[in-house]
Enquirer: 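First the structure, then my questions, so here it is.
Note that the structure is a prediction, hence the values are computed from the model and not measured.
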Protein chains: 2
Amino acid sequence: MSDRAQYLLALFIEEHRAGTPVSTGRLAERLDRSAAAATEMIQRLDDDGLVSYEPYEGAALTGPGRERAATLHETYVVLSWFFRDVLDLDTYEREAREMADLVSPAVAECLVTLLFEDEADMPDASSATTLDRESFPDE
Amino acid sequence: MSDRAQYLLALFIEEHRAGTPVSTGRLAERLDRSAAAATEMIQRLDDDGLVSYEPYEGAALTGPGRERAATLHETYVVLSWFFRDVLDLDTYEREAREMADLVSPAVAECLVTLLFEDEADMPDASSATTLDRESFPDE
DNA sequence: ACTTTTGTTTAGGCACACCTAAAACTAGAG
DNA sequence: CTCTAGTTTTAGGTGTGCCTAAACAAAAGT
């Protein structure tokens with residue numbers, strides 16, 4: 001279940017950006033794949049029960065799918081912050097996106113506490129309310 | 001060229017541990033794959049010119065292969081240190097191994113400087129002489 | 001020298017993820 | 001209402017990486 005993560009994350013973000021359902025074409029463009037590849041993958045995710053897919057309509061995350069996608073997204077956001085604020089990388093977005101599904105929740109949580117060490121307050125690690133403000137890149 | 005990295009890294013370490021050439025069986029065991037899988041992959045790496053393979057003998061890294069493997073190994077070592085010393089994870093070895101090929105050299109170098117920020121001296125980032133002491137796990 | 005045992009390679013298959021080209025659908029213009 | 005332009009899906013094919021089972025080679029035991 002490794003490459004599926006890219007699609008789940010893209011779907012999660014796209015649902016927030018433009019609402020549900022999300023067309024396969026949108027996903028294909030976002031992930032820089034052929035339209036056919038996106039359709040196929042969405043069908044696979046539908047089989048897995050992570051996505052509800054209606055041909056010619058689009059896809060929407062199911063309960064379990066959204067859960068997984070949210071975790072992925074949080075990891076992605078944390079990684080972005082880490083790469084940008086701590087490592088000062090200009091490619092932070094790409095790196096974060098590609099690594100999100102490989103980084104275990106344990107590592108992600110460690111990074112969260114690390115990130116808030118310098119800050120005054122210490123919010124709950126699992127709530128990303130403050131992070132979600134800037135966490136949906138529009139492109 | 002993604003899963004090949006696992007084999008290159010294993011080969012690099014095994015060459016240091018037990019000398020060259022390295023049998024496909026050793027690699028298979030190390031990477032927890034079937035013997036057939038290791039043979040196949042080594043053949044592919046030979047085709048790529050990263051490995052020199054003699055049937056029933058074993059495999060040895062070529063110049064380009066060793067170069068790539070060394071980079072991979074350095075990233076792996078840095079990640080291990082980061083996960084162990086900074087994040088205090090007990091699964092640092094596994095995480096580092098799985099992520100080594102996905103982490104760009106840029107990120108790895110950033111981590112090196114980050115790791116030596118607390119230390120008194122500041123060795124050259126690209127030389128891993130001090131790190132190589134403990135960087136070849138025997139199992 | 002012969003046979004067994006151990007290790008390695010090939011053969012045949014499967015799953016995943018991608019592509020291009022062709023077919024099928026939808027929606028908008030006339 | 002039809003026909004066309006754009007999008008989406010299916011068909012067919014490729015590369016990668018893995019597996020089991022069967023063939024094969026080399027080393028060791030008798």
Enquirer: Please tell me which of A:D3 and B:S23 maps to the more 5' nucleotide of DNA chain C, matching each residue to the nucleotide holding its nearest heavy atom.
Expert: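 Going by which nucleotide is closer to the 5' end, it is B:S23.
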Enquirer: So, are A:R84 and A:E93 salt-bridged, with charged N and O less than 4.0 Å apart?
Expert: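 Salt bridge between A:R84 and A:E93, a charged N being under 4.0 Å from a carboxylate O: no.
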Enquirer: Taking only side-chain N and O atoms of A:R4, does any of them lie within less than 4.0 angstrom of OP1 or OP2 on C:dA17?
Expert: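 The answer is yes; a side-chain N or O of A:R4 sits under 4.0 Å from OP1 or OP2.
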Enquirer: Return no unless some side-chain N or O of A:S34 is found under 4.0 Å from OP1 or OP2 of C:dC18.
Expert: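 No, no such contact exists.
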Enquirer: Run the side chain to side chain contact (heavy atoms under 4.5 Å, CB included) test against A:R33 and tell me which residues pass, sequence neighbours left out.
Expert: A:Y7, A:L31, A:A37
Enquirer: Check the distance between D:dC19's P and B:D32's CG and give it to me in whole angstrom.
Expert: 8 Å
Enquirer: Using a heavy-atom cut-off of 4.0 Å across all strands, would you classify A:A37 as base, sugar-phosphate, or nothing?
Expert: sugar-phosphate
Enquirer: Check each residue of residues 46-61 of chain B for a non-hydrogen atom within less than 4.0 Å of any atom in DNA chain C, then write out the ones that pass by number, or none.
Expert: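 Those residues are B:Y53, B:P55, B:Y56.
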Enquirer: Describe the nucleic acid contact of A:T24 in one word from base, sugar-phosphate, nothing, applying a heavy-atom distance below 4.0 Å.
Expert: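 Answer is sugar-phosphate: A:T24 comes under 4.0 Å of backbone atoms only.
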Enquirer: Where the side chain of B:S2 is defined as all heavy atoms beyond and including C-beta, which of C:dT9, D:dG17, C:dA17 is the nearest nucleotide?
Expert: D:dG17
Enquirer: Could you tell me the separation between the CE atom of B:M41 and the P atom of D:dT16, rounded to a whole number of Å?
Expert: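 Atom-to-atom, B:M41 to D:dT16, this comes out as 9 Å.
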Enquirer: Could you check B:M41 against B:D3 for side-chain contact (heavy atoms from CB on, under 4.5 Å), going step by step and ending with a plain yes or no?
Expert: CA-CA 9 Å; B:M41 183 59 98; B:D3 244 349; 4.3 Å; yes
Enquirer: Does the C:dC16 base have a donor-acceptor partner in the side chain of A:E40 within less than 3.5 Å?
Expert: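 No, no donor-acceptor pair under 3.5 Å.
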Enquirer: Using a cut-off of strictly less than 4.0 Å, decide whether B:Q43 has a side-chain nitrogen or oxygen near OP1 or OP2 of C:dT10.
Expert: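 So the side-chain polar atoms of B:Q43 do come within 4.0 Å of the phosphate oxygens OP1 or OP2 of C:dT10, strictly under.
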Enquirer: Would you kindly give the CD1-to-C1' distance between A:I42 and C:dC18, to the nearest whole Å?
Expert: 15 Å
Enquirer: Axis-to-axis angle across the helix from C:dA1-D:dT30 to C:dG30-D:dC1, five pairs an end, to 10 degrees?
Expert: 10°
Enquirer: Report yes if some heavy atom in the side chain of A:L79 is under 4.5 Å from a heavy atom in the side chain of A:Y92; otherwise report no.
Expert: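 They are not in side-chain contact.
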Enquirer: Should A:V107 and B:F83 count as side-chain neighbours, where that means a heavy-atom distance under 4.5 Å?
Expert: yes
Enquirer: Looking at every non-hydrogen atom in both residues, tell me the closest pair between A:L8 and A:R68 and how far apart they are.
Expert: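 So the two residues come closest at CD1-CG, 3.7 Å.
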Enquirer: Could you check how far CG of A:L45 sits from P of C:dA15, rounded to whole Å?
Expert: 17 Å
Enquirer: Distance from B:L114 atom CG to B:F82 atom CZ, nearest 0.5 Å?
Expert: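 Here the interatomic distance stands at 6.5 Å.
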Enquirer: What is the distance from CG of A:L27 to P of D:dT7, rounded to the nearest Å?
Expert: 15 Å
Enquirer: Side chains of A:R4 and A:L50, heavy atoms from C-beta outward: is any pair under 4.5 Å?
Expert: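 Contact flag for A:R4/A:L50 side chains = no.
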Enquirer: Assess whether a salt bridge exists between B:E14 and B:R17, defined as any Lys/Arg side-chain N lying under 4.0 Å from an Asp/Glu carboxylate O.
Expert: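 Answer for the salt bridge query: yes.
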Enquirer: Consider the side chain of B:R44, meaning its heavy atoms from C-beta on, and name the nucleotide among C:dT20, D:dT16, C:dA17 that approaches it most closely.
Expert: D:dT16
Enquirer: For atom CZ of B:R26, decide whether the heavy atoms of other residues, nucleotides or ligands shown that lie under 6.0 angstrom number more than 12.
Expert: no
Enquirer: Measure from the side-chain heavy atoms of B:Y7 and tell me the nearest of D:dC18, C:dC18, D:dC19.
Expert: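 Nearest nucleotide to the side chain: D:dC18.
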Enquirer: Under 4.0 Å between a side-chain N/O of B:T39 and OP1 or OP2 of C:dT8, yes or no?
Expert: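 Indeed not, no polar side-chain atom of B:T39 lies that close.
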